[in-house]
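What follows is one structure encoded as structure tokens, with my remarks underneath.
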Amino acid sequence: MSHQLLDRLRAVDVAEKAGPLAKPANAALLEEWQRSGVRFVSSADQLTNRYYDAVRELFDCISPAADETPILHEGGIYHGCWLESTGTINAELLCRFLPSVTTATYSAFARYQRDDGLFPYKVTPQGPAFNQIQLVTPLARSVWNHFRLNRLDTDWLTEMFGAMSRYDAWLARHRDTLGTGAVEAFSTYDTGHDLSSRFWHVPDSPFANDPTRYDPDNPILPFIAPDLTANVACQREYLGAIADHLGGDGNEWRQKAEASRTALFAQCHDPDDAYFYDRDRHGRMVRIQSDNLLRVLACEIGDADGFANALERYLLNSRKFFAKFPLTSIALDDPRFDPNFGQNSWDGPTNFLTLIRTPHAFEHHGHHVELSWIMQPTLSALFAADRFPQTLNPFTGAAGFTEKYSPSILCLLDYVERLSGILPRPEGDLWFTSLLPKPATHRYEQWETAYARSVDGVEFELVNTTESSEVYRDGNRLGRFPSGIRVVTDRSGSLLGIVGLTSGTVSGEIEWEGVSRRFEIEPNERQTPAGQGFERSTGPKMVLPSYT
């Protein structure tokens with residue numbers, strides 16, 4: 001089977017599989033995609049075809065907005081690019097496939113920044129819009145990862161650093177009216193949590209559509225918002241890293257980041273619940289458990305023990321967020337939970353923006369096994385769907401609101417690469433991962449895969465079967481290893497380590513560059529080569545799903 005898959009992988013024509021291009025400009029996108037060398041095939045034609053559906057529809061989500069430069073659009077009913085999503089995490093995923101579009105997308109927000117430092121919350125064909133802020137994923141983290149992964153020009157990083165610094169100053173001036181050191185939400189749209197019961201009885205937009213004002217007649221505003229505060233804390237940490245790289249001193253930024261984290265825990269953290277809640281202007285916590293928790297954790301807030309506790313009590317709890325198709329936008333046991341997935345709702349359905357923000361939180365703390373429990377049902381739903389929606393029914397996986405939505409398109413591309421592909425990392429590693437996608441419903445099936453990617457002019461290929469995996473470099477076999485682990489290398493393919501990716505112990509032999517090594521590895525454990533074997537290193541203990 002491995003040779004059949006490898007032959008199919010080498011024969012696949014991306015242009016043919018993606019089908020006719022919807023617009024002439026897509027030809028340049030296809031050419032850039034082909035330079036990445038990314039190709040995918042599966043033993044199941046359904047998977048292969050859905051993958052190239054995603055490629056084709058991704059191209060359709062890229063076009064000019066406020067000017068003539070093509071940038072990534074949200075897709076579906078959303079015509080334009082939103083800072084909370086398209087302009088951060090979506091484009092960060094895109095940079096592994098179409099880096100020039102990611103550069104243009106981030107640059108658009110700097111280009112249309114107001115003189116007072118405010119970024120547009122979206123850039124659309126009608127121009128930049130400034131009615132509100134809309135923050136989730138920290139832009140500085142996305143920019144820094146894109147810069148390192150694609151080895152970009154320092155002048156571009158300098159420009160983005162200046163723009164992000166000015167935006168940080170705007171937030172400090174206008175979104176801390178209570179003087180807590182945290183960041184305040186003036187409206188529902190400030191966090192993109194449309195229809196969420198978190199914001200019941202709060203206006204959708206800031207007062208008079210002015211992002212510096214909240215409704216003076218509203219009895220509970222402003223909210224001290226954990227996701228906005230965590231965003232700024234993480235943003236400042238990465239601004240410090242960028243400042244250091246540019247020859248400056250990042251310590252001032254790191255001190256500001258620490259101040260933001262201190263304010264976050266002082267204002268929004270309930271130690272008994274181990275949860276982050278909004279606090280209204282009267283000092284009362286808004287005790288609604290939403291994906292606010294995941295947003296905060298994805299901003300690298302908290303330590304390893306705190307993250308493991310969040311997994312056990314909330315994210316992997318089937319009474320909370322761990323639905324059959326996780327992760328829900330409101331806790332399942334909240335009486336306000338509404339599974340209606342036929343609209344733009346953050347009051348129950350599983351949203352793809354949550355799903356593409358999830359890997360960073362899990363991987364930051366080394367919980368790779370538990371992440372796979374979220375990726376597997378998500379991919380199963382996407383492979384079975386007839387479109388790329390914004391939402392999923394958390395109970396059945398049925399496709400919900402809208403179509404041709406870039407976050408769900410990029411979710412499929414990202415999860416395939418994390419689960420069964422070759423993923424280049426900003427720090428310079430390559431991940432070769434040997435898990436197989438599998439259906440979440442009905443009968444048992446085996447879906448074997450093969451994946452290709454070019455890195456620094458070298459073509460790598462990975463073939464995953466039910467028993468083992470093989471990696472090829474420029475057509476020659478580089479290594480062979482059992483399924484259920486991830487092999488980590490440098491960008492040239494030299495072995496750096498292995499990671500256990502299943503819920504049980506994996507043992508066997510790895511052949512790499514002509515050397516055979518025996519190993520036995522536990523879930524989430526990372527090991528490094530040592531002599532003719534591997535040296536054990538600590539990894540986080542696997543957290544089991546919970547039910548109460």
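All values below were derived from every heavy atom in this structure, side-chain atoms included, with hydrogens, water molecules and symmetry-related copies excluded.
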Checklist entry - Are R50 and F388 in a cation-pi contact, defined as NZ or CZ under 6.0 Å from the six-membered ring centre and within 45° of the axis? => result yes

Next on the checklist: For a side chain to side chain contact (heavy atoms under 4.5 Å, CB included) check, start with the C-alpha distance between R148 and H245, then their side-chain angles and the critical distance, and finish with the verdict.
Outcome noted: CA-CA 11 Å; R148 291 192 297 160; H245 180 82; over 6 Å; no

Checklist entry - Hey, does the side chain of S290 reach the backbone of S329 with a donor-acceptor pair shorter than 3.5 angstrom? => result no

Checklist entry - Can you list the steps and then say if Y405 with F352 is a ring-ring contact (aromatic ring centres under 6.0 Å, His included)? => result CA-CA 9 Å; Y405 185 62; F352 274 99; 7.6 Å; no

Next on the checklist: When you compare the side chain of L5 with that of R8, does any pair of heavy atoms fall below 4.5 Å?
Outcome noted: yes

Checklist entry - Do R295's NZ or CZ and the ring of W346 fall within the cation-pi criteria of under 6.0 Å and 45°? => result yes

Checklist outcome for this item: Here the gap from L462 atom CG to S420 atom OG, rounded to the nearest 0.5 Å, amounts to 8.0 Å

Next on the checklist: Could you walk me through whether L332 and R319 satisfy the side chain to side chain contact (heavy atoms under 4.5 Å, CB included) test, starting with their C-alpha distance in whole Å, then the side-chain angles of each, then the deciding distance to 0.1 Å, before giving a yes or no?
Outcome noted: CA-CA 6 Å; L332 289 151; R319 286 183 181 268; 5.9 Å; no

Item to check | Check: G240 main-chain N/O paired with K256 side-chain donor or acceptor under 3.5 Å | outcome: no

Checklist outcome for this item: Output for pair (T105 OG1, L83 CG), nearest 0.5 Å, gives 11.5 Å

Checklist entry - Can you tell me if CD on E427 sees more than 12 non-hydrogen neighbours from other groups inside 6.0 Å? => result yes

Checklist entry - Does the pair R486/D429 count as a salt bridge with the N-to-O cut at 4.0 Å? => result no

Checklist entry - Hey, what's the ring geometry for F383 with W447, parallel, tilted or perpendicular (30° and 60° as the breaks)? => result perpendicular

Checklist entry - Cut-off 3.5 Å, side chains only: do N464 and S469 have a donor facing an acceptor? => result yes

Item to check | Sidechain N-carboxylate O distance under 4.0 Å for R39, E459 | outcome: yes

Checklist entry - Within the distance-only criterion (no hydrogens, no angle test), does the side chain of R473 pair as donor or acceptor with the backbone N or O of S492 below 3.5 angstrom? => result yes

Checklist entry - In this structure, are over 12 heavy atoms from other groups packed under 6.0 Å from E252 atom CD? => result no

Item to check | Test side chain to side chain contact (heavy atoms under 4.5 Å, CB included) applied to L152 and L157, step by step | outcome: CA-CA 8 Å; L152 299 183; L157 185 65; over 6 Å; no

Checklist entry - So, does S380 use its side chain to make a donor-acceptor pair with the main chain of Q376 at under 3.5 Å? => result no

Next on the checklist: Can a donor-acceptor pair be found, under 3.5 Å and without considering hydrogens, that links the side chain of S546 to the backbone of T548?
Outcome noted: no

Next on the checklist: Tell me whether the rings of F322 and W373 are parallel (<30°), tilted (30 to 60°) or perpendicular (>60°).
Outcome noted: tilted

Next on the checklist: For a quick test of reading the model, state the closest non-hydrogen atom pair linking Q289 to D334 and the distance between them.
Outcome noted: N-OD2, 4.4 Å

Checklist entry - Between E92 and S142, do the side chains contain an N or O donor and an N or O acceptor separated by less than 3.5 Å? => result yes

Checklist outcome for this item: salt bridge (Lys or Arg N to Asp or Glu O under 4.0 Å) filter on R536, not counting sequence neighbours, yields E520, E525

Checklist outcome for this item: Separation between NZ (K324) and OG (S318), nearest 0.5 Å, reads 12.0 Å

Item to check | Contact check, side chains of F97 and V55, non-hydrogen atoms, under 4.5 Å | outcome: no

Checklist outcome for this item: Tightest non-hydrogen contact, residues G302 and H365, listed as O-CE1, 3.6 Å

Item to check | Minimum side-chain heavy-atom gap L435-M375 below 4.5 Å | outcome: no

Checklist entry - Take atom CD in E467; do more than 12 heavy atoms of anything else shown fall under 6.0 Å from it? => result no

Checklist entry - Can you tell me if R453 uses its side chain to pair, donor with acceptor, with the backbone of R96 under 3.5 Å? => result yes

Item to check | Heavy-atom donor-acceptor pair, S408 side chain to Q390 backbone, under 3.5 Å | outcome: no

Checklist entry - Going by the angle between their ring planes, with limits at 30° and 60°, are F432 and F460 parallel, tilted or perpendicular? => result perpendicular

Checklist entry - side chain to side chain contact (heavy atoms under 4.5 Å, CB included) between F276 and T229: does it pass, once the steps are laid out? => result CA-CA 11 Å; F276 294 90; T229 306; over 6 Å; no

